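Since the structure comes first, as structure tokens, the remarks are kept for the end.
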Amino acid sequence: MAIARMTRVFIVGPVDVQEETVRLLQTLGAVHVEPASEMAGEFERKNGAVVARVKKLDRVMADLARFKDRQAAPHETITDEELTGYAEEILLTYQDMELRVQSLERLKTDLTPWGNFDLSHIHALEAAGLAVRRYRMEASRWEEFQPPENVLVEVVARKRDVLFYTLSLGESPEVAHASPLNWPEMNLAEVDAELHRHREQMESLSGELASVGERAGVIRKQWIGALNEAAFTGTMATLYREPYLFGLQGWIPQDQETGFKAKLAESGLPLHTVARGPLDGEEPPILIRNNWFVRRIQPLQQLYGLPRYRHLDPSSFFAPFMVLFFGICLSDAGYGMLFYLIAYLMGKKWGGKIEGMGLVVKLCKAFAVAAIIIGTITGSVFGYSFDSRSWILVDIDVNYGDPMILFYCSLALGVIHLTLSYLMGLLQAFSFHVKMQKLGLMFVLWGAVLLIARSIWFDAPAAPGNMPLFYGGMAALISGLLLTLLFPNDSRRWVARLGLGLWNIYGLTGLVGDLLSYARLFGLGIATSAVASVMNQLAGMAMESAGPIVGIPLALVIIVAGHTFNLALSLLGSTVHSARLHFVEAFKSFFEGGGVEYKPFKIERGSL
């Protein structure tokens with residue numbers, strides 16, 4: 001469970017076999033290729049054309065997905081090669097009609113207040129010397145409006161704006177504070193007829209597109225082929241070339257080196273291959289290999305970034321604590337079972353259809369199992385207050401148990417979590433002073449913990465742990481302060497070094513905030529059960545006060561709506577706050593990020 005060791009490979013061969021070599025490497029699918037030159041010339045044009053085709057196919061597939069639930073209509077037989085062009089042509093026609101329908105609907109909205117007037121009559125009046133004009137005016141202006149002389153004004157509608165028209169002999173009048181409206185190309189009846197015609201055509205086209213969508217697998221194969229061709233032309237465009245030779249460089253996992261060289265030798269191509277380990281200044285790509293449990297949590301951790309090649313993989317640290325923290329925050333067996341059911345149904349419906357959904361479902365199931373376990377231990381099932389509580393292993397109920405147990409457990413987990421993060425920082429550090437800083441943090445943390453534990457549980461002078469905890473805590477605290485003071489950096493100027501050390505000692509006050517931040521586990525864990533219990537009480541009160549006929553349905557509505565709201569809020573809070581304890585409190589001690597994902601140059605055969 002670690003970052004895979006990488007080997008750098010260099011391949012050199014005659015220019016006339018470069019395409020065969022690149023095709024072979026794409027088939028083998030092992031080399032993370034690093035560009036040796038910028039794209040230019042013919043190769044850049046080829047790659048641009050292939051990438052444009054990838055985008056076009058992707059757009060066509062996305063547009064066809066809109067029609068998958070429509071009734072398919074028969075259409076002329078189209079070959080696989082013609083299918084994409086045919087689909088694109090119909091989609092363009094459909095989209096043009098959509099835009100025209102939207103324009104007509106806006107026109108209909110504008111014309112509805114004016115009614116279905118005949119434009120030919122308007123033109124006849126104007127030919128006879130009678131000017132007819134439409135206007136819009138703000139309602140606030142209308143109150144002060146005075147019509148011009150010898151002008152008839154007729155109001156059509158009054159809403160936010162006032163719509164009216166004028167009749168006058170000769171020229172159109174000047175109407176202050178009003179916006180003149182042009183006469184439309186069509187009247188209301190003609191607009192309705194045009195809308196009906198376009199919608200019928202769109203319905204027909206929808207059937208054709210639904211029929212084409214049934215063959216979306218053909219377009220998908222073309223898309224995958226175009227993706228592979230884009231990867232090929234992109235790699236070809238960035239090879240190192242001389243008049244007679246070409247060169248390629250990249251990375252492969254160390255355990256694949258022997259097999260990779262054997263495959264190149266079997267190909268019979270005249271290639272020279274050199275492999276070596278990474279040099280100090282090089283940063284190989286990151287390939288993380290973990291067990292089944294860590295892999296399901298890994299995508300969430302990688303949202304924060306990938307570790308550097310020579311650093312520790314945080315996945316094995318992140319996964320168990322993330323699941324545990326989530327379980328404590330949700331801490332209800334009923335909610336956990338409901339969440340597991342939701343995850344299961346999501347997997348059944350979308351697991352194989354949406355890229356990455358399988359990993360999301362596995363992550364949700366792990367979280368749900370943790371919530372079920374913690375909820376069972378603490379006796380929390382949909383916030384129900386059990387009369388018999390002897391079966392509950394750790395009763396933290398606010399009314400019947402001791403919630404402070406969860407508070408102390410949360411802080412204890414914080415101590416363990418922070419200590420492990422400091423240890424990882426110590427193991428990962430390359431300089432002596434950084435190692436001493438991490439060690440100093442651990443000593444200060446544990447010294448303070450021992451002294452606080454003594455003051456809470458062993459404060460009596462006769463208590464067996466009183467003096468050992470005092471001396472142990474003081475020794476650890478003083479050692480940590482000395483390490484922090486003496487090793488702020490590796491400078492030989494001791495005055496500046498001690499000054500910076502004093503500043504770092506002041507910075508140790510942040511440890512208090514870091515540790516208390518883990519109290520959020522206590523807060524969220526108690527809040528989830530408390531809110532669930534309140535929803536149950538509200539439902540009970542509603543049923544008692546309203547009677548069985550009205551009360552039972554009302555109680556059911558309160559139960560369903562209340563628990564749904566509480567579950568949604570708790571899921572969000574459990575995820576965000578559990579992740580925050582890692583990303584903010586723990587990762588700052590050792591995780592830097594900045595790693596580049598290992599992406600082998602290969603033939604894609606499925607979803608990316």
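In this text, all values refer to a predicted model and were calculated from it rather than measured experimentally. One is the number of the first residue; the rest follow in order along the sequence. The figures here come from the full heavy-atom set of this structure, side chains too, leaving out hydrogens, waters and symmetry mates.
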Quick test of your reading of the model: are [X] and [Y] salt-bridged, counting only N-O distances below 4.0 Å?
X      : Y      : result
Asp255 : Arg289 : yes
Glu257 : Arg276 : no
Lys588 : Asp514 : yes

Using a 3.5 Å distance criterion without hydrogens, assess whether the side chain of [X] forms a donor-acceptor pair with backbone atoms of [Y].
X      : Y      : value
Thr575 : Leu571 : yes
Ser529 : Ile526 : no
Glu585 : Leu515 : no
Lys435 : Leu426 : yes
Thr509 : Tyr506 : yes
Arg8   : Trp251 : no
Arg5   : Gln254 : no
Asn536 : Phe382 : yes
Ser380 : Asp332 : no
Ser331 : Gly327 : no

Stepwise side-chain contact (heavy atoms from CB on, under 4.5 Å) test for Arg493 and Arg497: CA-CA 6 Å; Arg493 298 170 58 189; Arg497 190 166 173 173; over 6 Å; no
Can you list the steps and then say if Ile603 with Ile224 is a side-chain contact (heavy atoms from CB on, under 4.5 Å)? CA-CA 9 Å; Ile603 294 176; Ile224 292 172; over 6 Å; no
Which heavy atom of [X] sits nearest a heavy atom of [Y], and at what distance?
X      : Y      : answer
Met6   : Tyr309 : N-OH, 2.8 Å
Phe326 : Ser578 : N-OG, 3.3 Å
Ile252 : Ala30  : CG2-O, 3.4 Å
Phe583 : Tyr304 : O-OH, 3.3 Å

Tell me whether the NZ or CZ atom of Arg295 lies within the 45° cone about the ring axis of Trp292 and under 6.0 Å from its centre. no
Report the C-alpha distance between Thr528 and Leu567 in whole Å, list the side-chain angles of each, state the deciding distance to 0.1 Å, and finish with yes or no for side-chain contact (heavy atoms from CB on, under 4.5 Å). CA-CA 8 Å; Thr528 301; Leu567 176 60; over 6 Å; no
Verify whether the ring centers belonging to Trp446 and Tyr422 lie closer than 6.0 Å. no
Could you check whether His417 and Tyr518 have their ring centres less than 6.0 Å apart? yes
For the residue pair Phe587 and Phe590, categorise the inter-ring angle as parallel (less than 30°), tilted (30 to 60°) or perpendicular (more than 60°). perpendicular
Would you call the rings of Tyr384 and Phe386 parallel, tilted or perpendicular, taking 30° and 60° as the class edges? perpendicular
If we count only N and O atoms by modelled type, under 3.5 Å, do the side chains of Asp313 and Ser315 hold a donor and an acceptor together? yes
Measuring from atom CZ of Phe458 to atom CZ of Phe470, what distance do you get when rounded to the nearest 0.5 angstrom? 16.0 Å
Measure the spacing between OG1 of Thr419 and CG of Leu445 and express it to the nearest 0.5 Å. 5.0 Å
Determine, step by step, whether Ser517 and Arg580 satisfy the side chain to side chain donor-acceptor pair (under 3.5 Å) criterion, reporting the C-alpha distance in whole Å, the side-chain angles of both residues, the deciding distance to 0.1 Å, and the verdict. CA-CA 10 Å; Ser517 186; Arg580 183 194 185 281; 3.2 Å; yes
For residues Phe367 and Leu300, determine if any side-chain heavy atom of one lies less than 4.5 Å from a side-chain heavy atom of the other. yes
Is any side-chain heavy atom of Pro307 closer than 4.5 Å to a side-chain heavy atom of Ile3? yes
